[in-house]
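Reminder, nothing fancy here: chain letters follow the sequence lines and each chain counts from 1. A quick note: this is a predicted structure, and the numbers were derived from the prediction, not measured.
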2 protein chains.
Amino acid sequence: MRKRATAKEVAEAAGVSKWTVIRAFTPGASIADASRQKVLQAAEALNYSPNLLARSLATNITHQVAVFVDDFTNPHKLPVLEMLTERLQAEGLLTVLININRHFDHVHALINADQRQFDAVILFGTAFREETLGDRRLGRGLPPMFVLARDSQIPGVPAIACDTEVALNEIVEYLFDKGYRRPGFMTGARTLSTALGRRRHFANCWRQKGIDGVMELTAERYSAQAGAEAARAYLSDSPPGSRIDVLMCENDILALGAMDVVRSEFGLRVPHDLAVVGFDNIELGGGPAYGLTSYEQPTEKMIDAIVGMITGERASETIAFPGSMIRRLSA
Amino acid sequence: MRKRATAKEVAEAAGVSKWTVIRAFTPGASIADASRQKVLQAAEALNYSPNLLARSLATNITHQVAVFVDDFTNPHKLPVLEMLTERLQAEGLLTVLININRHFDHVHALINADQRQFDAVILFGTAFREETLGDRRLGRGLPPMFVLARDSQIPGVPAIACDTEVALNEIVEYLFDKGYRRPGFMTGARTLSTALGRRRHFANCWRQKGIDGVMELTAERYSAQAGAEAARAYLSDSPPGSRIDVLMCENDILALGAMDVVRSEFGLRVPHDLAVVGFDNIELGGGPAYGLTSYEQPTEKMIDAIVGMITGERASETIAFPGSMIRRLSA
DNA sequence: TTGTAGGCGTTATCAC
DNA sequence: GTGATAACGCCTACAA
């Protein structure tokens with residue numbers, strides 16, 4: 001059976017009151033050195049350490065942050081999670097990773113996060129409509145929320161993301177300079193607004209170059225396989241002469257799947273017959289097997305910002321940072 | 001300010017005692033239907049839901065499981081995390097993802113997990129020596145621990161993993177049948193026992209085939225880049241005639257990095273000049289760009305087992321499940 | 001510097 | 001079926 005020593009027990013062993021024990025474990029509390037030593041010694045002997053659960057109940061601070069994730073197929077999530085957990089831990093915050101799926105939806109997760117008194121909720125690459133919240137109002141009951149690596153659909157919920165407008169401008173500028181004139185854009189279908197927003201913006205950039213009409217490819221999910229299927233469907237339907245000459249994909253994992261099909265199944269050369277561009281700059285896209293031209297999100301800045309907002313060192317507001325274009329051989 | 005309604009407030013609003021409110025939210029409690037309705041109505045109005053923090057303090061059950069991870073470079077971690085969180089959530093358990101690194105080591109994390117009263121700790125792909133525990137004894141104070149996807153170094157801590165003995169036998173059998181005779185094995189250096197154990201077992205299998213001596217390559221970490229460096233170092237030092245003819249890597253990500261170097265920098269054909277085998281069967285290894293022969297861990301069984309042990313539906317004991325060989329073109 | 005009351009929001013258990 | 005008392009282990013405030 002699990003049985004932890006309590007402050008009371010330590011107090012008895014040390015011959016002081018339990019409040020003195022508490023003080024010994026409270027940085028900056030006024031306590032005599034002699035008492036502190038006695039307490040620490042007794043605590044050591046009893047293997048005592050404060051019960052953070054009880055502390056949280058009393059202080060209303062859990063030092064836990066929920067991170068909602070609904071897409072585990074993009075390898076890019078992993079390094080971001082690594083950095084995020086590290087920074088949060090450096091601030092004394094632990095990360096509760098919550099898998100949003102069919103059986104456990106946003107509302108469910110949010111109610112849970114509320115009941116557990118998490119200090120904050122991060123929507124990492126996921127979002128929901130304002131209506132989803134129903135009657136529950138932000139600011140009362142619900143923990144502060146933030147959207148990471150995506151735009152926010154919910155008024156009052158700040159989004160910390162890469163500046164996609166700047167990114168797409170830079171990408172299109174680059175592609176135009178390279179001489180590409182028949183662009184296509186592949187989205188992962190799942191979400192409406194974000195993906196469609198990006199696609200629309202991509203199209204706008206081309207329009208400013210005098211090029212109207214961006215071919216639209218739609219993958220079923222965000223995975224290499226889905227990217228492959230979408231590329232296959234497109235190439236099967238389009239005769240060689242009428243095809244796009246550059247395909248921008250919403251993220252790298254789609255791009256790699258598409259590239260597989262382009263090269264292996266249709267024998268096309270990348271970038272000569274069809275150029276491919278991704279987004280995220282995942283490690284495997286950078287190797288010689290793909291040499292994928294991509295765009296790197298300013299992950300570090302984004303995480304610094306969101307952690308600062310959670311700790312209160314920084315004002316909570318929507319903000320977008322510029323990333324950097326990664327030029328390789330695929331486009 | 002966050003302010004949640006309490007059972008007491010609901011009680012006043014509903015004109016009952018707070019214990020009746022609690023009963024209304026306790027499945028299977030004896031309460032009159034009329035009272036329950038009154039309570040639920042009042043709760044609805046006040047937006048009340050039970051405070052799980054207080055409940056945990058009183059019951060000594062947090063419904064939270066800590067998952068320790070110290071390597072975020074292997075993309076294979078992501079789908080496993082997805083399945084693990086989903087299964088845990090299905091059992092009403094949330095996952096606290098803890099990043100073990102220089103600034104936050106196992107001991108630190110374990111003390112924290114203890115203080116927060118987590119129901120269990122999963123060491124996912126990571127482990128430490130028994131000595132690390134110091135004086136703290138298992139079974140008293142510390143939450144129950146499990147090692148996932150790796151062997152356990154700690155007596156009393158069960159490991160749930162893929163049966164590497166069976167796996168390596170099958171792999172070597174396959175390679176031998178294919179005609180390979182000069183094997184090499186690449187480990188990620190970091191950990192001693194597990195990696196070295198695998199390498200030793202790999203060597204044993206070959207010895208049974210009458211082949212002594214397995215070339216040993218050592219990567220600095222588990223990443224494509226580290227795998228590439230290790231392969232580069234080896235190939236640079238070994239003249240063509242004396243080289244191994246098959247390279248088994250401890251995981252896919254090392255294998256992909258190695259394959260990049262083998263093909264692009266040294267112009268060798270895979271598998272003709274040098275065959276490559278990985279472990280984990282990550283999505284990107286399966287595409288035409290690599291066609292990596294690999295070995296798939298029985299993730300689902302492993303997770304079912306560990307979740308069963310945590311919930312107590314299953315006896316806690318070390319167990320290894322056989323996986324399945326994935327034959328592709330790289331070997 | 002130290003001790004005391006009272007409270008945080010539940011649950012367990014017993015009396016009515 | 002319902003109410004009440006005593007925990008759970010800590011923290012904040014105030015008093016000594």
Discussion item. So if I take every side-chain heavy atom of A:Ala58 and compare against C:dT2, C:dT10, D:dC10, which nucleotide ends up nearest?
Written reply: D:dC10

Discussion item. Treating A:Glu313 as the side-chain partner and A:Gly308 as the backbone partner, does any N or O pair qualify as donor plus acceptor under 3.5 Å?
Written reply: no

Worksheet entry | B:Ser35 vs D:dG1: side-chain N/O to OP1/OP2 distance below 4.0 Å | no

Worksheet item: Taking the side chain of B:Ala54 as heavy atoms from C-beta outward, which of C:dG9, C:dT2, C:dT11 is closest to it?
Response: C:dG9

Item to complete: Using a 4.0 Å heavy-atom cut-off across all strands, classify B:Leu53 as base, sugar-phosphate, or nothing.
Response: nothing

Fill in: B:Arg4 CZ - C:dG7 P separation (whole Å)
21 Å

Response to the item:
Taking for A:Thr26 and for B:Leu57 the nucleotide of DNA chain D with the nearest heavy atom, the one nearer the 5' end belongs to B:Leu57

Worksheet entry | Among D:dC11, C:dT10, D:dT2, the one nearest B:Ala7 by side-chain distance | C:dT10

Discussion item. Which label fits B:Tyr48 and B:Phe25: parallel for a plane angle under 30°, tilted from 30 to 60°, or perpendicular past 60°?
Written reply: perpendicular

Discussion item. So, OP1 or OP2 of D:dG3: does either fall under 4.0 Å of a side-chain N or O from B:Thr20?
Written reply: yes

Worksheet item: Counting only N and O atoms by type, is there a donor-acceptor contact under 3.5 Å from the side chain of A:Thr95 to the main-chain atoms of A:Thr85?
Response: no

Fill in: Expected output: side-chain A:Glu91 to main-chain A:Val307 donor-acceptor under 3.5 Å
no

Fill in: Rounded distance (Å) that lies between atom C1' of D:dC8 and atom CG of A:Asn51
9 Å

Response to the item:
Comparing nearest nucleotides in DNA chain C, the 5'-proximal residue of the pair B:Tyr48, B:Arg23 is B:Tyr48

Discussion item. Can you say whether a donor on the side chain of B:Trp19 sits under 3.5 Å from an acceptor on the base of D:dT5, or the other way round?
Written reply: yes

Worksheet entry | Atom-pair distance (CZ on A:Phe25; P on C:dT2), nearest Å | 15 Å

Discussion item. Could you tell me how far apart A:Arg55 (CZ) and C:dT10 (P) are, to the nearest whole angstrom?
Written reply: 21 Å

Worksheet entry | Separation of C:dG9 C1' from A:Ile61 CD1 (nearest whole Å) | 17 Å

Worksheet item: Which part of the nucleic acid, if any, lies within contact of B:Lys18, taking any heavy atom under 4.0 Å across all strands shown: a base, the sugar-phosphate backbone alone, or nothing?
Response: base

Discussion item. Strictly distance-based, threshold 3.5 Å: is any side-chain N or O of B:Asp119 a donor or acceptor partner for the main-chain N or O of B:Val65?
Written reply: no

Worksheet item: For the pair made of CD in B:Glu9 and C1' in C:dT10, what is the distance, rounded to whole Å?
Response: 14 Å

